[in-house]
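Proteins come first, then strands; the chains are lettered A, B, ... in the order of their sequence lines, and each starts at number 1.
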Amino acid sequence: MALVTTNHAAIRGVAASVPDNPISNLVLEKNHDDIGKTSSAVGIDNRYVTSSDICTSDLCLAAANRLLDELGWDRKSVDGLIFLSQTGDYILPATSCVLQYKLGLNSHCLAFDMALGCSGYVYGLLTTFSLIRARGLKRIILLAGDTISKVISPNDMPANVLFGDAGTATAIEFDEEAEDSYFSVGTDGSGYESLIIEAGGFRKPKSNHTNLRKEHNKDKVIRSEEELFMDGSAVFSFALSRVPESIKNLLSFSEYKITDVDHWLFHQANKFMLSHLAKKSGIDEKKMPSNINEFGNTSPPSIPLLMTTHGKEIGLDNSSQRIALVGFGVGLSWGSTIINTENIVLPDLIYLGKGDLSHESIH
Amino acid sequence: MVSKEFISEFAQIVEQDPKDLHNEFDLTSLEEWDSLAAISVIVLVDNYFNIVLDSDMLTSIKTMNDLYGLIEKRVA
């Protein structure tokens, strides 16, 4: 497991947007009697699901526009833009390039995409902080989002109950005074088939065969190869064996005690898993805010979304705090970090409707 | 090595009477023995023995004895 320290970078603000389309699992349960058990175990009552008109990039764009306005950052002052997602606009070019243009950022701006899921936000911060530490870049916007609902079979009830859509923006700035940040990250690619969309890439391009829905040999759910497959118990067993170890290594590496951390912001995987991970890692659940019941599992944006929905409640906007962020999932990949924060600007959550898209045109 | 309490919690997961869960009990005959049950059993075993069972191995077992065998192998 890689252990990394960085310094001189600080989070200035976090904004998030969800599609203005809440879907209640309680209503779904009425039509499918078999899912009540699943939705109560995962602790998800509601999720926000996008329409075909709204892409991940639109959600991230709305969040970034709001964040830049509330921070009062001149768009010309942004040196870097990273788009972290598994659901970009095109095979090529990189969505970050399209968004550099749509956000009206200067052409001196560095822009690239990162393709990771639930561990991604920790990797995104590690990359951003490292770029700033390397000197030269002062202000970077890290976008994290996904619209996984678009790649789930309508017959896949566990996955339909679990996943929601969201897009977020995090503003990170060079700060000579910023305290050190600590990261612990790892990868176990032997589990790459546990969470996978097999077709649509270059290994298995889309065809008249890959879009046919048929019974999957493992979980017997009717889906096509262009839709998400998840081996829930394999991912669960992976998380239980890797995450507590990652946290333990992070704490000993940083020389912080578990009680030195003010709040623990976990990737919102599902409620059952989160409470077991807390127990196994010895973390007080009262220090672990959660929004899983309202938003479901949103993949890479789940941690910044949680900062938007619960940050004010735990005082991230008006105090100095030491927070730990923990992500894990598809890859299989995991990461945790301890970061010191101060007065983070937290705009209200955006509920993005189709009608709002015209307002998000080019600045 | 497996306590009464463990069996009683296991019985709750698969919605059976603990008295019925003898060593040769065929788990694969149960409708309740699904992936959600597997996840609950992974957590149960972790709570009692501090080991995380491999999910593929867990879903390939047939009887209670097989489950005890899996745990024993990992504890040893």
Enquirer: Other residues, nucleotides and ligands only: do more than 12 of their heavy atoms fall within 6.0 Å of NZ on A/Lys150?
Expert: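 Check passes, neighbour count above 12.
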
Enquirer: Taking all atoms of both residues into account, what is the closest heavy-atom pair of A/Ser233 and B/Ala38, and its distance?
Expert: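 Distance-wise, the nearest heavy atoms are CB-CB, 4.2 Å.
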
Enquirer: For A/Asp231, is it the side chain, the backbone, both or neither that has a heavy atom under 4.5 Å from a heavy atom of chain B?
Expert: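 The side chain, not the backbone.
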
Enquirer: Any side-chain heavy atom of A/Phe236 within less than 4.5 Å of one from B/Val43?
Expert: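 Yes - at least one pair of side-chain heavy atoms lies under 4.5 Å apart.
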
Enquirer: Decide, yes or no, whether a salt bridge links B/Asp56 with A/Lys218 under the criterion of side-chain N to carboxylate O below 4.0 Å.
Expert: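 Salt bridge: yes.
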
Enquirer: Atom NZ of residue position A/Lys286 - does it have more than 12 heavy atoms of other residues, nucleotides or ligands inside 6.0 Å?
Expert: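 Atom NZ in A/Lys286 is not packed in, count stays at 12 or less.
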
Enquirer: So which heavy atom on A/Ser237 is nearest to which on B/Asp54, and how close?
Expert: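 Nearest heavy atoms, A/Ser237 then B/Asp54: OG-CA, 4.1 Å.
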
Enquirer: For the CD1 atom of B/Ile39 and the CG atom of A/Asn270, what is their distance to the nearest 0.5 Å?
Expert: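 Output value for this atom pair is 7.0 Å.
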
Enquirer: Let me check something: any side-chain donor-acceptor pairs from residues 272-282 of chain A under 3.5 Å, sequence neighbours excluded? List them with distances.
Expert:
residue	atom	partner	partner atom	Å
A/Ser275	OG	A/Lys271	O	3.1
A/Ser275	OG	A/Phe272	O	3.4
A/His276	NE2	B/Asp46	OD2	3.0
A/Lys279	NZ	B/Asn47	OD1	3.4
A/Lys280	NZ	B/Asp46	OD1	2.9
A/Lys280	NZ	B/Asp46	OD2	3.3
A/Lys280	NZ	B/Asn50	OD1	3.2
A/Ser281	OG	A/Leu277	O	2.8

Enquirer: If I measure from the heavy atoms of chain A, does B/Ile51 come under 4.5 Å with its side chain, its backbone, both, or neither?
Expert: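 Answer is neither: B/Ile51 stays 4.5 Å or more from chain A.
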
